[in-house]
Amino acid sequence: MKTSKKKFFITTPIYYVNDVPHIGHAYTTIAADVIARYKRLEGYEVSFLTGTDEHGQKVLQAARDLKIEPQEHVDKLHKRFKELWTRFNISNDDFIRTTEKRHKELVTHILKQLYDRKEIYKDSYEGWYCTPDERFWTEKDLVGGNCPECGREVDKIKEHNYFFKMSSYQNWLKEYIKLNDKFIQPTSRRNEVLGFLEKPLGDLCISRPKERLPWGIPLPFDENYVTYVWFDALINYISAHGSIEKNKTPEFWPANHQLIGKDILTTHAVYWSTMLKAIGLDPPLNLFAHGWWTINGKKMSKSIGNVVEPNLLIDQFGVDAIRYFLLREVPFGLDGDFSHKSLINRINSDLANNLGNLLNRTMSMIERYHDQMVPAPTLPTEDFGLIDEFKKGIEDVHRLYDDLSYNKILERIWLLVDTTNKYIDTNSPWNLVKTENGKLRLCTVMYNTVECIRSISILIYPFMPKSADTIMKQLGIEQTIEELGLESLKNWGGIKPGTKIQPGLQLFPRIEDKEAEKILSNVEPIGEKNKEQYQPPAIEGICDQVLIDDFMKIDLRTGKIIEAEKIKKSKKLLKLKVDIGNEVRQVVAGIAESYEPDHLLNRTIILVANLKPVKLMGIESQGMLLAANNNGQIVLAGFDLEPSKGIRVR
Ligand code: ME8
């Protein structure tokens with residue numbers, strides 16, 4: 001008989017396509033990825049959804065500034081998120097965009113149904129409008145006359161609009177939250193929503209006049225309006241799984257977890273829940289509002305220029321170290337402060353010294369004492385205490401997943417790492433190997449140690465999938481963790497004696513003090529001012545094909561460096577003068593860590609000559625040098641024969 005797997009649905013917010021993806025976005029997405037991976041190991045059929053929010057004023061304005069159609073703009077920009085998720089090893093099953101047909105169709109269908117059922121009505125409205133946030137506020141909401149959310153100026157607007165009868169669901173929602181204590185987590189956020197619902201709830205304005213904002217999903221019952229961006233965006237959580245036909249619940253609904261940041265708690269807990277109720281669907285089983293990352297105590301903001309660019313962090317520290325750090329450092333519901341210093345500390349203490357060291361010493365002992373073969377334990381084993389500790393640890397981890405206690409899960413796994421390190425120290429294999437009796441015991445000790453590491457690597461897999469797979473490979477296990485699943489944690493002895501280990505590179509190298517100092521003195525977050533200069537490494541299969549005409553739009557020229565000097569207060573940037581035949585260009589290039597200025601003189605390079613000039617550290621840069629980034633080492637592109645200056649390169 002065919003048994004169908006139990007379904008599990010987890011979502012992230014869909015991110016505004018105009019934003020530069022930063023560690024805040026990565027945080028929610030990695031957190032969702034961990035749960036999705038764990039649930040798959042548990043045997044669930046998982047749907048993990050993320051995506052981009054592509055309508056609204058900001059997108060329209062950005063496209064107008066670039067003199068392109070908004071659709072073309074979002075088609076380009078959404079890829080920044082897709083690319084970053086590929087780099088972060090995110091295992092999302094779907095990526096929804098609100099400009100897709102499947103989404104627009106369902107939004108239209110829902111609007112029509114609600115309008116026909118008189119859940120939506122037209123009224124005149126007078127209120128204060130915050131254009132950047134695209135939200136109306138009442139007089140009493142304003143703080144010092146400004147938007148209570150972003151602090152910017154608001155405009156008084158009077159217009160006709162359409163409203164969803166949100167207020168009629170206020171009592172139902174209050175009761176629902178009170179009866180379902182896991183619906184909104186953490187408890188502090190649940191109380192916040194209950195507090196909010198103590199005040200009268202208004203109806204929700206769900207339209208914007210087309211003449212003011214043409215970029216949105218048209219209302220099916222009035223062509224002069226488009227849908228308010230939040231009413232549109234929230235529906236992504238159900239449009240991903242097809243349309244609602246004849247009151248059929250969409251596949252995978254209700255979602256098991258919807259992860260959001262605390263900034264969008266009201267829109268989800270109040271707008272989304274009441275919308276679902278009106279549509280005839282249950283609320284999600286759990287809405288978890290996590291905390292906020294700040295940078296050295298300050299809010300991350302493009303205007304301050306302190307946005308931490310995740311691509312740079314990956315280049316520097318590797319994917320798994322960042323995945324680990326973000327979820328280990330701060331309890332999921334609380335705010336946290338990001339600093340390179342604490343990241344380096346975590347890498348050195350937890351990853352290099354603890355787990356990395358455990359793996360390295362075990363590998364070298366198996367190499368030395370057992371000729372690279374996992375030995376057979378001598379039975380009966382006298383190490384039931386160790387086996388019990390692992391059993392208990394695995395149960396604890398499982399339980400902690402229910403409350404999304406990521407930091408505690410990792411803490412618990414690291415207790416098992418400590419247990420294993422202590423087990424080795426107490427048994428001192430280096431002494432056991434000296435006597436014949438000791439050698440018998442040594443087989444059991446080394447077998448159990450390998451088995452501990454096998455369990456640990458399955459447990460860390462949802463957090464650090466690549467590292468976990470590498471550990472399994474080093475242990476000589478051919479099956480993947482995905483194939484093995486959590487089942488293989490149930491019984492001690494999953495690794496076969498006689499398995500040949502495959503020692504490899506050190507998994508988590510220590511960041512030595514000198515290197516740490518260099519990194520810390522050189523932290524230059526990517527802000528609005530210089531983000532355009534940062535090029536994330538190309539990812540195979542991501543870049544679209546371009547036509548030769550498009551390629552030819554880039555004017556590449558040969559040029560000779562005639563002056564080169566360091567830029568004060570910058571470790572990375574050099575100021576160059578480049579002669580391209582009929583003119584000399586000033587170029588600010590991020591190559592100071594790989595090239596001494598003197599060594600660059602008279603060197604022929606390739607310049608992107610028609611790049612729009614930008615200012616870096618206050619100095620205008622009139623072009624960009626072509627170069628490869630070889631794991632942080634910059635290598636300039638050049639020629640094997642010397643061409644003249646100013647020649648076009650194709
Ligand atoms: O709000 N710390 O999109 P958005 C932690 N499109 N998490 C952060 C963060 C930070 N400093 N900054 C952002 C939107 N986030 C809407 C959502 S959903 C139907 C529509 C994360 O691009 C966090 O998950 O502003 C937050 O809720 C989300 O990014 C907001 O992303």
Side-chain angles (χ1 to χ4, degrees), residues 8 10 12 23 26-44 46 48 88-91 182 185-187 256-259 285-286 288-291 293 319-336 342-343 345-347 349-351 354-356 358-359 388-421 452-469 471-472 481-482 484-490 507-508:
F8 185 91
I10 185 159
T12 73
I23 54 157
Y27 183 50
T28 325
T29 315
I30 293 167
D33 188 53
V34 169
I35 304 294
R37 286 176 182 273
Y38 187 75
K39 287 290 163 186
R40 287 192 202 105
L41 290 188
E42 228 187 314
Y44 281 85
V46 171
F48 166 18
F88 264 121
N89 225 340
I90 301 296
S91 65
K182 293 256 163 143
Q185 278 184 306
T187 311
N256 297 72
H257 290 292
Q258 298 214 260
L259 307 190
L285 297 173
N286 172 252
F288 199 110
H290 63 67
W293 280 98
V319 168
D320 281 353
I322 299 158
R323 288 178 61 118
Y324 174 80
F325 172 78
L326 289 175
L327 293 171
R328 173 65 185 85
E329 192 69 2
V330 179
F332 198 47
L334 301 184
D335 294 342
S342 22
L343 173 59
N345 284 345
R346 279 272 168 222
I347 291 176
S349 64
D350 300 7
L351 300 183
N354 231 343
L355 178 59
L358 169 63
L359 181 68
D388 272 354
E389 276 206 44
F390 264 75
K391 196 166 159 233
K392 203 169 159 304
I394 292 163
E395 282 165 9
D396 286 347
V397 165
H398 190 67
R399 205 171 23 76
L400 289 164
Y401 264 99
D402 284 343
D403 286 330
L404 309 189
S405 302
Y406 296 95
N407 68 322
K408 288 196 183 145
I409 296 172
L410 287 169
E411 224 172 77
R412 190 66 187 87
I413 300 173
W414 256 252
L415 277 181
L416 296 177
V417 176
D418 288 345
T419 301
T420 315
N421 269 323
C452 290
I453 298 179
R454 189 186 75 92
S455 301
I456 289 166
S457 86
I458 296 173
L459 290 175
I460 64 165
Y461 162 84
F463 293 85
M464 301 197 280
K466 269 228 172 83
S467 307
D469 280 342
I471 296 176
M472 293 296 262
I481 295 176
E482 280 160 42
L484 290 169
L486 291 187
E487 249 332 277
S488 74
L489 282 178
K490 285 205 173 130
L507 201 54
F508 303 109

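Hydrogens, waters and symmetry mates are skipped; everything else that's a heavy atom, side chains included, is used. One is the number of the first residue; the rest follow in order along the sequence.
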Determine, for Arg399 against Asp396, whether the closest basic-nitrogen to carboxylate-oxygen distance falls under 4.0 angstrom.
yes
Query raised in the report: In terms of the angle between their ring planes, are His290 and Phe332 parallel, tilted or perpendicular, with boundaries placed at 30° and 60°?
Result: tilted
Per ring pair (Phe, Tyr, Trp, His ring centres under 6.0 Å), Tyr324 is matched among Trp414, Phe508, Phe463 by Trp414
Contacts of Thr420 meeting side-chain hydrogen bond (donor to acceptor under 3.5 Å, both in side chains) (sequence neighbours excluded), chain-then-number -> none
Side chains of Cys452 and Thr419, heavy atoms from C-beta outward: is any pair under 4.5 Å? no
Check your understanding: Under a 4.5 Å cut-off applied to non-hydrogen side-chain atoms, are Tyr38 and His398 in contact?
Key -> yes
Residues Leu41 and Ile458: closest non-hydrogen pair is CD1-O, 4.2 Å
By side chain to side chain contact (heavy atoms under 4.5 Å, CB included), Ile394 pairs with (sequence neighbours left out) Leu459, Leu489
Sequence neighbours excluded, the answer for side-chain hydrogen bond (donor to acceptor under 3.5 Å, both in side chains) partners of Asp33 is Arg37, Ser91, Arg323
For Tyr27 and Val330 the tightest heavy-atom approach is OH-O, 4.2 Å
Sorted by chain and number, sequence neighbours left out, side-chain hydrogen bond (donor to acceptor under 3.5 Å, both in side chains) with Asn89 holds for none
For atom CD of Glu487, is the number of surrounding heavy atoms from other residues, nucleotides or ligands below 6.0 Å larger than 12?
no
query = So, do Ile471 and Ile460 sit near enough that their side-chain heavy atoms are less than 4.5 Å apart?
reply = yes
Are Glu389 and Lys392 ion-paired here, with the side-chain N under 4.0 Å from a carboxylate O? no
Across all chains, not counting sequence neighbours, the side-chain hydrogen bond (donor to acceptor under 3.5 Å, both in side chains) partners of Ser455 are none
For residues 401-411, which side-chain donor-acceptor pairs fall under 3.5 Å, sequence neighbours excluded?
unit_1: Asp403; atom_1: OD1; unit_2: Lys182; atom_2: NZ; d: 3.1
unit_1: Asp403; atom_1: OD1; unit_2: Gln185; atom_2: NE2; d: 3.4
unit_1: Tyr406; atom_1: OH; unit_2: Ala31; atom_2: O; d: 2.8

message = Are the side chains of Asn256 and Lys39 in contact, using a 4.5 Å heavy-atom criterion?
response = no
